Amino acid sequence: MTTQTDIPPAETGGERRSWLREHSELGVCVLLLGLGVLVLTDALTMDVDIAQRGPVGPKTVPLVVGAGLLVIAALLAVDVLRGGRGQAEGGEDIDLSEPADWRTVLLLAGVFLGAAVLIEPLGFPVAGALLFWGAAYALGSRRIDRDPLIAAGLSLVTYTVFNNLLGVPLPGGPLMGVL
């Protein structure tokens with residue numbers, strides 16, 4: 001017979017948060033599981049011409065990678081639930097008790113989103129310069145005299161290397177005739 005004192009108290013929000021923080025690697029498991037399902041779904045729905053089939057067709061590598069992702073997700077989840085925990089590298093100077101710097105994260109996300117939206121109408125050289133400059137600003141650089149020049153130079157070099165040397169066409173935008 002159980003008494004009222006034998007029943008454990010209901011789990012509080014703080015205890016749940018503490019458990020999730022101690023098992024945060026499960027988020028990586030969920031990510032790997034999602035990626036594995038996505039890769040397998042795409043591989044199984046791939047339209048392959050009958051003439052392209054052979055002993056190793058175009059579906060083989062995605063199927064192996066997707067299955068591998070699912071196996072790794074399962075093994076990692078088992079390890080985490082058994083108490084396994086990743087060790088911080090010796091050179092890491094991250095204080096896990098400090099909250100995340102959401103301002104920097106949101107600024108970087110906005111810069112990346114802005115570059116993705118502007119790359120087609122303005123071209124890579126301009127959108128890339130804004131991306132490099134915005135990322136430098138979001139990460140703490142406040143050198144207004146130097147940062148735009150470095151960003152423009154990096155963007156032009158990147159555009160030239162990809163477009164001209166590697167043969168990967170990038171949108172030039174209004175500068176297409178000039179470059």
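Excluded from the calculations below are hydrogen atoms, water molecules and symmetry mates; all remaining heavy atoms, backbone and side chain alike, are included. Remember, it's a predicted structure, so these values are computed and weren't measured experimentally.
Contact record, P125 with G172: CD-O, 4.0 Å, taken as the closest heavy-atom pair. Scanning both residues, V80 and E25, for their nearest heavy atoms gives CG2-CB, 3.5 Å. Summarising the geometry of A152 relative to A129, their closest heavy-atom pair is CA-CB, 3.9 Å, with the distance given to 0.1 Å. Scanning both residues, K59 and M46, for their nearest heavy atoms gives CE-O, 3.3 Å. Nearest heavy-atom pair across L76 and C29 is CG-SG, 3.5 Å.
For CZ of R82, the number of neighbouring non-hydrogen atoms (other residues, nucleotides, ligands) closer than 6.0 Å is 12 at most.
In this structure, L81 is a member of the same hydrophobic cluster as I72, with clusters built from ILVMFWY side-chain heavy atoms closer than 4.5 Å. A single hydrophobic cluster is not seen to contain both L69 and V64; linkage of ILVMFWY side chains at heavy-atom distances under 4.5 Å, directly or through other members, places them apart. The cluster map of Ile, Leu, Val, Met, Phe, Trp and Tyr, joined by side-chain heavy atoms under 4.5 Å apart, puts Y159 and L166 in the same cluster. No chain of hydrophobic side-chain contacts below 4.5 Å, direct or via other Ile, Leu, Val, Met, Phe, Trp or Tyr residues, connects F112 to I119. Hydrophobic clustering (ILVMFWY, side-chain heavy atoms < 4.5 Å, transitive): V28 and V39 are in one cluster.
Within the model, atoms CG of L131 and CG of L108 stand 9.0 Å from one another, a figure rounded to the nearest 0.5 Å. Here the straight-line distance linking atom OG1 of T158 with atom CZ of F132 works out to 4.5 Å at 0.5 Å rounding. Expressed to the nearest 0.5 Å, how far CG of L149 lies from CD1 of I144 amounts to 12.0 Å. With values rounded to the nearest 0.5 angstrom, L170 atom CG is found 10.0 Å from T160 atom OG1. Distance CG/L70 to CG/L35: 10.0 Å, rounded to 0.5 Å. A distance of 10.5 Å separates OH of Y137 from OG1 of T104, quoted to the nearest 0.5 Å.
Checked for salt-bridge contact, D145 and R143 meet the test: a charged N lies under 4.0 Å from a carboxylate O.
By the 4.5 Å heavy-atom criterion applied to side chains, L107 and L139 are not counted as neighbours. When side chains are defined from C-beta on, L130 does not count as touching V111, because their heavy atoms never get closer than 4.5 Å. A heavy-atom distance below 4.5 Å is not found between the side chains of P62 and L40.
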